[in-house]
Amino acid sequence: MRKKLFAANWKMNLTPAEARALLAAIRAALDPLAAKLARDREVMVAPAFPVLPAAAQALAGSSLALGAQNMHFEEKGAFTGEVSAAMLRAFGVSHVIVGHSERRHLFLESDEMVGKRAAAVVAAQMVPILCVGETADERDHGHTLAVVLRQLQAGLAGIPAEQARRVVIAYEPVWAIGTGRTATPEQAAIVHGAIRDALRDRFAAAADDLPILYGGSVTPDNVDSLMAKPDIDGALVGGASLKADSFARIAASGIA
Ligand code: PEP
């Protein structure tokens with residue numbers, strides 16, 4: 001059975017002190033549910049890099065996983081502003097978001113670069129959360145599946161088939177991120193189904209073990225209807241992950 005994943009992407013928000021307070025509140029809500037959550041899902045938070053030490057401390061003894069928002073593919077060197085796998089692993093990071101649309105569109109990360117990052121995350125024994133998704137313009141022109149499948153193929157290019165089970169995909173329509181405009185469960189289900197088919201072509205049976213998350217204005221009000229679709233296996237959550245009660249409610253979807 002594939003496990004769901006509910007992942008918080010805190011983006012460039014929260015100081016270490018604010019993150020500690022938020023994690024204490026998230027833990028107060030989720031720690032009592034730990035046994036139930038562990039049956040079918042993981043819950044992860046991805047703070048900004050300088051907040052990782054405080055978050056790692058605040059998560060000690062919990063079942064919540066620690067994630068990062070990006071990672072460079074080289075081990076070390078002259079890459080100002082980037083961080084390496086070893087730096088992330090030193091704080092117990094287990095998951096790394098790669099190819100988020102803000103990285104692709106604001107910082108011009110190419111499909112090829114995202115693929116290198118994903119492969120490096122896998123090589124470092126961590127789990128990449130590979131984000132794919134179309135812009136509003138691409139959707140309006142009927143290019144949604146072509147764009148998503150191109151990003152998927154490039155993002156997975158460097159990942160050996162025997163490592164497929166380490167990978168998580170996040171379908172995040174760009175027009176739904178931070179806009180309050182969620183994809184309908186039906187719109188999301190079409191893309192998730194196409195992603196699953198492409199994963200089967202690429203990884204055969206292992207494709208059925210990979211979680212495909214939905215991201216884009218997920219809230220406590222819409223999470224249950226999205227999760228009711230067969231190939232939606234969790235959520236990548238931005239805005240709603242900055243409030244303990246809403247993130248805890250999302251992470252416990254179907255349980256509490
Ligand atoms: C995201 O940044 O990955 C995201 C989905 O953001 P939001 O939930 O705010 O739309």
Side-chain angles (χ1 to χ4, degrees), residues 1-7 9 38-44 46 65 67-73 85 88-89 93-101 103-104 109-134 138 143-174 183 185 187-216 226-236:
M1 185 195 74
R2 61 177 173 262
K3 276 208 165 179
K4 296 185 174 63
L5 173 65
F6 291 88
N9 175 12
R39 275 185 217 146
D40 73 344
R41 69 195 64 192
E42 288 187 289
V43 181
M44 183 218 87
Q69 297 176 19
N70 206 355
M71 191 195 94
H72 200 263
F73 42 86
L88 297 181
R89 287 180 50 130
V93 166
S94 55
H95 296 67
V96 184
I97 299 168
V98 293
H100 190 279
S101 72
R103 299 301 318 172
R104 292 178 189 269
E109 288 190 16
S110 64
D111 287 347
E112 189 201 357
M113 187 184 289
V114 171
K116 284 182 169 180
R117 292 182 191 267
V121 173
V122 169
Q125 308 296 312
M126 294 181 284
V127 175
I129 301 176
L130 171 64
C131 301
V132 296
E134 81 288 0
E138 287 162 343
H143 298 150
T144 297
L145 293 184
V147 169
V148 165
L149 297 179
R150 186 201 74 223
Q151 292 174 341
L152 187 73
Q153 193 183 18
L156 297 174
I159 296 177
E162 59 277 13
Q163 300 282 357
R165 288 185 171 84
R166 301 194 74 85
V167 177
V168 173
I169 309 297
Y171 168 54
E172 299 208 303
V174 179
Q187 285 174 321
I190 290 169
V191 181
H192 282 237
I195 291 173
R196 182 78 63 204
D197 287 344
L199 291 173
R200 287 194 185 113
D201 288 345
R202 175 76 166 77
F203 294 131
D208 290 300
D209 296 337
L210 272 63
I212 307 174
L213 316 185
Y214 169 78
L226 287 159
M227 295 311 128
K229 294 291 179 191
D231 277 307
I232 303 187
D233 309 312
L236 182 54

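This structure is a prediction, so every number in the text was calculated from the model and none was measured.
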Gly99 backbone acceptor or donor facing Arg104 side chain under 3.5 Å: yes
Charged N-O contact under 4.0 Å between Arg103 and Glu109: yes
Worked check of side-chain contact (heavy atoms from CB on, under 4.5 Å) between Leu156 and Leu199: CA-CA 9 Å; Leu156 297 174; Leu199 291 173; 3.6 Å; yes
Gap separating the CG atom of Asp231 from the CD1 atom of Ile190, nearest 0.5 angstrom: 12.5 Å
Heavy-atom closest contact (Ala118 atom, Gly155 atom, distance): CB-O, 3.5 Å
Glu138, CD atom: more than 12 neighbouring heavy atoms under 6.0 Å: yes
Stepwise side-chain contact (heavy atoms from CB on, under 4.5 Å) check, Leu5 with Met44: CA-CA 7 Å; Leu5 173 65; Met44 183 218 87; 4.0 Å; yes
side-chain contact (heavy atoms from CB on, under 4.5 Å) between Phe73 and Met113, worked out: CA-CA 8 Å; Phe73 42 86; Met113 187 184 289; 3.8 Å; yes
Test log, rule side-chain contact (heavy atoms from CB on, under 4.5 Å), inputs His100 and Glu172: CA-CA 8 Å; His100 190 279; Glu172 299 208 303; 3.4 Å; yes
Exercise: identify the closest heavy-atom pair between Arg39 and Lys3: O-CE, 4.2 Å
Val168 and Leu236, any side-chain heavy atoms less than 4.5 Å apart: no
Considering all heavy atoms, the nearest Ala119-Ile159 contact: CA-CG1, 4.1 Å
Heavy-atom side-chain contact between Met126 and His95 under 4.5 Å: no
Close side-chain approach of Gln163 and Phe203, heavy atoms under 4.5 Å: no
Short side-chain to backbone donor-acceptor contact, Gln69 and Asn9, under 3.5 Å: no
Under 3.5 Å donor-acceptor, Arg117 side chain and Ile97 backbone: no
Donor-acceptor contact present, side-chain Tyr214 to main-chain Ala183, <3.5 Å: yes
Distance, nearest 0.5 Å, that separates CG of Leu210 from CD1 of Ile169: 6.0 Å
Lys/Arg N to Asp/Glu carboxylate O, Asp233 vs Arg41, below 4.0 Å: no
Heavy-atom side-chain proximity of Pro128 to Val122 below 4.5 angstrom: yes
Side chain Arg202, main chain Gln153, donor-acceptor under 3.5 Å: no
Val98 side chain near Met71 side chain, heavy-atom distance below 4.5 Å: no
Which pairs of donor and acceptor atoms, one on a side chain in residues 144-151, lie under 3.5 Å apart (sequence neighbours left out)?
from: Arg150; atom 1: NE; to: Asp111; atom 2: OD2; distance (Å): 2.7
from: Arg150; atom 1: NH2; to: Asp111; atom 2: OD2; distance (Å): 3.4
from: Gln151; atom 1: OE1; to: Gly133; atom 2: N; distance (Å): 2.7

Heavy-atom side-chain proximity of Leu213 to Lys4 below 4.5 angstrom: no
Test item: Ile232 and Pro185 side chains (from C-beta on) under 4.5 Å apart, heavy atoms: no
Heavy atoms of other groups near Glu112 CD, more than 12 under 6.0 Å: no
Side-chain touch Val132/Val191, heavy atoms, less than 4.5 angstrom: no
